[in-house]
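Have a look at the structure below, then the notes.
Counting convention: from 1, in listed order, for ligands and their atoms alike.
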Amino acid sequence: MSERPERIFHLDGVEKHFGAVHALAGVDLVITAGECLGLVGHNGAGKSTLMNVLSGTLSPDRGTIRVGTADVTGRYGVSQAHAAGLRCVFQELSLCPNLTVAENARIMHPALRGFGWRKRAGAVIVSKLDEIFPGHGVDANDIVGDLSIARRQMVEIARAFSETEGRVKLVILDEPTSSLDAVVAEQLLSFVRRYVEGGGACILISHLLGEILSTCDRVIVMRDGKVVDARPARDFTRTSLVGAMGSVAKEEDAAKAGDFVSKRTGAAPRVTARPPAQADTMALSAHRGEVVGLAGLEGHGQTAMLLQIYSAKPRTRARAGSRAGSQAGGGASVDAPVALVAGDRQTDGVFPLWSIARNIGIRSIRAMRRGPLIDPRQENEMAESWRARIKIRTPDIHDNILSLSGGNQQKALFARALGSDAEIVLMDDPMRGVDVGTKQEVYGIIRDEAAKGRTFVWYTTELDELKNCDHVYVFRNGRIVADLPRDQLTEEKVLQSSFTEDA
Ligand SMILES: Nc1ncnc2c1ncn2[C@@H]1O[C@H](COP(=O)(O)OP(=O)(O)OP(=O)(O)O)[C@@H](O)[C@H]1O
């Protein structure tokens, strides 16, 4: 006879308001040992708020919280959640950038004290990294701020699963693969399966529905602060899941390879660039109206390439094409204003003290100037039009940017770049945390804007997104190793060039 699974946390009728926003409108949630629970929903549906209540960061306005069978309502907070074996990996990472990996491990594991704690903390974190992400390349003495966002995410995840004193029973993973490349993401998801099969529990929040369906035992769908569907994962398909979230599944919306018409008509490219480590003659070029993709494993020079282009001074059109393509070593040149959608919104994208409207308008401040001041009417109009266009969910665009959910903050960064006068838009894995419905809208906007003549250079860790590109450059070890127009683009070719070592 099979034993009844252990019920470890139980929320009942939970409600939470933020001013006028009813973020949770009576949610029930039961978590049992030995299962991976998927949590999906549009941006702003209430997923993070629910997880903040479960982890004791937020007190609910109403509802009960049980740990095991004990009712802890009114006396539940972060330390009670921690003592009950709950750990979290949230979208906005919590590591201290100026400390080492080992020192960050110590913060979560106070048991690692006394003589030699640094060495022991290093050993704990590195052995967990080895277990989850073999070949991770992280050293216990690395300063966290020097690590790529993917490696920081790996450390954060390994830290959550590490045990020193007290058992870990439930790990909440909020968009854990959003900055990991396909290979590392797969390492994590297979570890999660092993972990729950060994009796642990996980909650996986993701907008990548494929990974929800392949990894979770049960899926809960949230919409506007409520649970609208909850079933075993095997009872959902991608289409039914998208439907339950309130969006319409638009599958192959990207133009098909067979319809491909090159925009390289002999005119000079708008962007040319070569990584500093490039030893051969390969160079990146992006033309008017083109969407150019950067691919390859995370951290192989794609973000550095975007920053190199971003810091290039616009050249005059007469000299277009005369520089980087023919140069030895690195260099970049552009012939028009450039905007960047930053990859790490926490540190490089969002101005945390400003309103949503100011965050959107900042790149267009020159156009909105009236005398020495910014014209508030123009700032409002711009923000309101983008709020409607990509559905930024907020009761008021003058609210602080941090009142937005993670995905909605990301939409504001898109609005900043797309609403500006930049003819060249650089995007550093920009769809992180953006829901499926909005992604389709943004893909459509990118295609429309490219048809009007804008140029996009787009680094993505999602192989599927490369289908939106006219041309793809694959990076390995800081160099361009493959140059694929869309009619030659396949997932196998991208993966093969990402891995094959030079002869
Ligand atoms: N601190 C806050 N102040 C004001 N409003 C907030 C705050 N935190 C969340 N909200 C609002 O509550 C609602 C739910 O947000 P939440 O972050 O839970 O959504 P989510 O489902 O996690 O979205 P995403 O997929 O974008 O991460 C949103 O409308 C959001 O703007």
Side-chain angles (χ1 to χ4, degrees), residues 11 14-27 29 37-63 88-94 153 172-179 203-209 211-212 219-230 241-242 244-247 344-346 349-350 352-357 359-360 383 387 390-415 430-442:
L11 303 183
V14 166
E15 297 205 23
K16 184 76 196 172
H17 288 85
F18 294 107
V21 177
H22 202 176
L24 296 176
V27 175
L29 184 73
L37 177 65
L39 184 53
V40 301
H42 61 74
N43 290 134
K47 304 176 298 293
S48 304
T49 306
L50 182 63
M51 293 303 101
N52 282 324
V53 169
L54 181 61
S55 60
T57 317
L58 281 178
S59 299
D61 301 335
R62 262 210 201 117
C88 308
V89 178
F90 283 132
Q91 281 177 42
E92 313 302 352
L93 300 184
S94 67
Q153 180 96 35
I172 298 172
L173 298 163
D174 189 354
E175 294 283 335
T177 62
S178 59
S179 41
I203 298 180
L204 177 62
I205 303 178
S206 179
H207 292 295
L208 302 176
L209 302 181
E211 69 186 29
I212 289 281
V219 181
I220 286 185
V221 184
M222 287 188 75
R223 199 153 92 197
D224 299 330
K226 298 191 190 83
V227 172
V228 291
D229 209 343
L241 210 45
V242 174
M245 285 165 64
S247 303
D344 188 349
R345 70 168 167 263
Q346 213 177 344
V350 155
L353 298 178
W354 290 358
S355 69
I356 302 159
N359 263 282
I360 292 176
R387 173 198 189 176
I390 50 174
K391 299 183 192 69
I392 300 175
R393 283 172 195 258
T394 174
D396 189 343
I397 46 152
H398 302 294
D399 284 352
N400 181 273
I401 184 89
L402 298 183
S403 71
L404 292 180
S405 73
N408 281 296
Q409 289 179 29
Q410 196 61 31
K411 289 188 211 174
L413 299 189
F414 265 117
M431 300 294 179
R432 244 174 253 172
V434 174
D435 67 39
V436 270
T438 308
K439 269 185 194 168
Q440 297 298 339
E441 305 277 332
V442 177

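Partners of Lys391 under the salt bridge (charged side-chain N to carboxylate O under 4.0 Å, His left out) rule, at least two apart in sequence or in another chain, are Glu441. Annotation: side-chain contact (heavy atoms from CB on, under 4.5 Å) contacts of Asp396 (sequence neighbours excluded): His398, Asp399. Residues passing the side-chain contact (heavy atoms from CB on, under 4.5 Å) test with Pro430, sequence neighbours excluded: Val341, Gln410, Phe414, Met427, Trp458.
Judged purely by distance below 3.5 Å, without hydrogens or angles, the side chains of Thr438 and Asp435 pair a donor atom with an acceptor atom. In the model, Ser405 has a side-chain atom that pairs as donor or acceptor with a side-chain atom of Asn408 under 3.5 Å.
Every protein residue with a heavy atom nearer than 4.0 Å to ligand 1 is included here: Phe18, Val21, Ala23, His42, Asn43, Gly44, Ala45, Gly46, Lys47, Ser48, Thr49, Gln91, His207, Ser403, Leu404, Ser405, Gly406, Gly407, Asn408.
Look at Asp224 and Arg393 and you find a salt bridge, because one of the NZ, NE, NH1 or NH2 atoms lies within 4.0 Å of a carboxylate O, short of that distance.
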